[in-house]
Amino acid sequence: MDKLQWLDRIGVSLVATAVWQDYLTMTKPKVVAMLLLTALVGMCLAVPTIPSARVMLLGLAGIGLQAAAAAVFNHILDRHFDAQMVRTYHRPLAKGRIPTSKAVVFACLLMVLGFGLLWLLNPLTAWLTMASLVGYAVVYTVWLKHATPQNIVIGGLAGAAPPLLGWTAVTGSVDPHALLLVMLVFAWTPPHFWALAIHRRDDYAKAGIPMLPVTHGIEYTKTMVLFYTLLLFAVGLLPWLTAMSGGIYLIGSSVLNFGFIGYAIKLKYFDTTGHAWATFRYSIWHLLALFVVLLVDHWWLISLLNGID
């Protein structure tokens, strides 16, 4: 093989890698991973033992594929707005690196495959996951996001569904405890996204998206962030008050929620440059840690009960 052929092969390989990375980027893998963690915790909390490998593999794969499909549809539907924002102008569709038609096919394949895997478990989980996809990709992205500054509050229900989906994947039914997990994510969503919206207020204004800092001002949004962190603390007590979780969860969740409140208080009354972004980043780790604490507490309770038996 001569030098030119070798260089051509390297060039083709680099292009293929870049294309593959663009397709992966459209699925928002970090977001999907966070959703899958909450779904996994929902699975584990649904039963007093570890769920079967089949249920976990099919459930997580199906939920993950559907979440990835929703992310790709979000890229497709928001591509013109993404091109106007500093945070998103480099996305594959906004830059034109991936044709929209191919992105649509990719999203549909992910959606159908994910639905099929979940159908193998039970129809309830398949349809609930599809409803979440439609809620995020269509109701939120197409309508709510551009219709009301409360878009995050209303549309947050779709993003809060994975713990419920994990629960129904195991049991085939909806349980009040699963809805408590949904409430946790639902209450967490507004302060999480509004902290980002404060940091990127000018971006949203330029794109004409009526996020709360654009329509009601940054100070009002800071107040709402603080309000929802207080609400999250109250909601966070419910798993313990209903005996769904025990002392490990109560202590862990209280520490995490007080930390979130502390960030919100500083944002409201002692704001500094970059603190909104720091609050946003803390919120991500807060949710991940909160669900890990739920899982640790659940397994501790199970081991305690087995010891008593």
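Owing to the predicted nature of the structure, the values given are computational and were not obtained by experimental measurement.
- The local environment of CZ in Phe186 is crowded, with over 12 non-hydrogen atoms from other residues, nucleotides or ligands closer than 6.0 Å.
- The distance from atom CG of Leu117 to atom CG of Leu58, rounded to the nearest 0.5 Å, is 6.0 Å.
- Between Phe233 and Phe258, the two ring planes are tilted [angle within 30° to 60°].
- Remark: Lys222 engages Asp271 in a salt bridge, criterion side-chain N to carboxylate O under 4.0 Å.
- The shortest distance between side-chain heavy atoms of Ile198 and Leu267 falls below 4.5 Å.
- In the hydrophobic clustering of this structure, Phe280 groups with Tyr220; members are Ile, Leu, Val, Met, Phe, Trp, Tyr whose side-chain heavy atoms approach within less than 4.5 Å, directly or through other members.
- Looking at Thr27, its side chain never comes within 3.5 Å of a backbone N or O of Ala68 through a donor-acceptor pair.
- Between the side chain of Asn74 and the backbone N or O of Tyr136, no donor-acceptor pair lies under 3.5 Å.
- Under a 3.5 Å cut-off, the side chain of Thr272 and the backbone N or O of His275 do not form any donor-acceptor pair.
- Between the CH2 atom in Trp299 and the OG1 atom in Thr49 there is a gap of 11.5 Å [rounded to 0.5 Å].
- Linking ILVMFWY residues whenever their side-chain heavy atoms come closer than 4.5 Å, directly or via other members, places Phe227 and Ile261 in the same cluster.
- With hydrogens and angles left out, the side-chain atoms of Asn151 and Thr148 include no donor and acceptor closer than 3.5 Å.
- With hydrophobic clusters built from ILVMFWY side chains whose heavy atoms lie under 4.5 angstrom apart, Leu40 shares a cluster with Leu290.
- A centroid separation of 6.0 Å or more is found between the aromatic rings of Tyr282 and Trp285.
- Judged as a side-chain hydrogen bond (donor to acceptor under 3.5 Å, both in side chains), the pairs with a partner in residues 185-202 (not counting sequence neighbours) are, in order, His192-Ser283.
- Residue Leu93 holds its CG atom at 6.5 Å from CD1 of Ile76, rounded to the nearest 0.5 Å.
- Within the structure, ring-ring contact (aromatic ring centres under 6.0 Å, His included) contacts touching residues 55-100 (residues at least two apart or in different chains) are Phe81-His146.
- Under the 3.5 Å distance criterion, the side-chain polar atoms of His298 are matched with a main-chain donor or acceptor of Cys44.
- A donor-acceptor pair is defined here as one N or O able to donate and one able to accept, closer than 3.5 Å; no such pair exists between the side chain of Thr141 and the backbone of Val138.
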Table please: side-chain donor-acceptor pairs of residues 234-252 below 3.5 Å, with sequence neighbours left out.
residue, atom, partner, partner atom, Å
Thr242, OG1, Leu238, O, 2.8
Thr242, OG1, Pro239, O, 3.3
Tyr249, OH, Gly236, O, 2.6

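- Thr88 contributes a side-chain N or O that, together with a main-chain N or O of Asp82, makes up a donor-acceptor pair within less than 3.5 Å.
- Between Arg87 and Asp203, no side-chain nitrogen of the basic residue sits less than 4.0 Å from a carboxylate oxygen of the acidic one, so the salt-bridge criterion is not met.
- Around CD1 of Ile50, the count of heavy atoms belonging to other residues, nucleotides or ligands within 6.0 Å does not exceed 12.
- Remark: Asp78 engages Lys145 in a salt bridge, criterion side-chain N to carboxylate O under 4.0 Å.
- In terms of modelled atom types and a separation under 3.5 Å, the side chain of Asp297 and the main chain of Val293 share no donor-acceptor contact.
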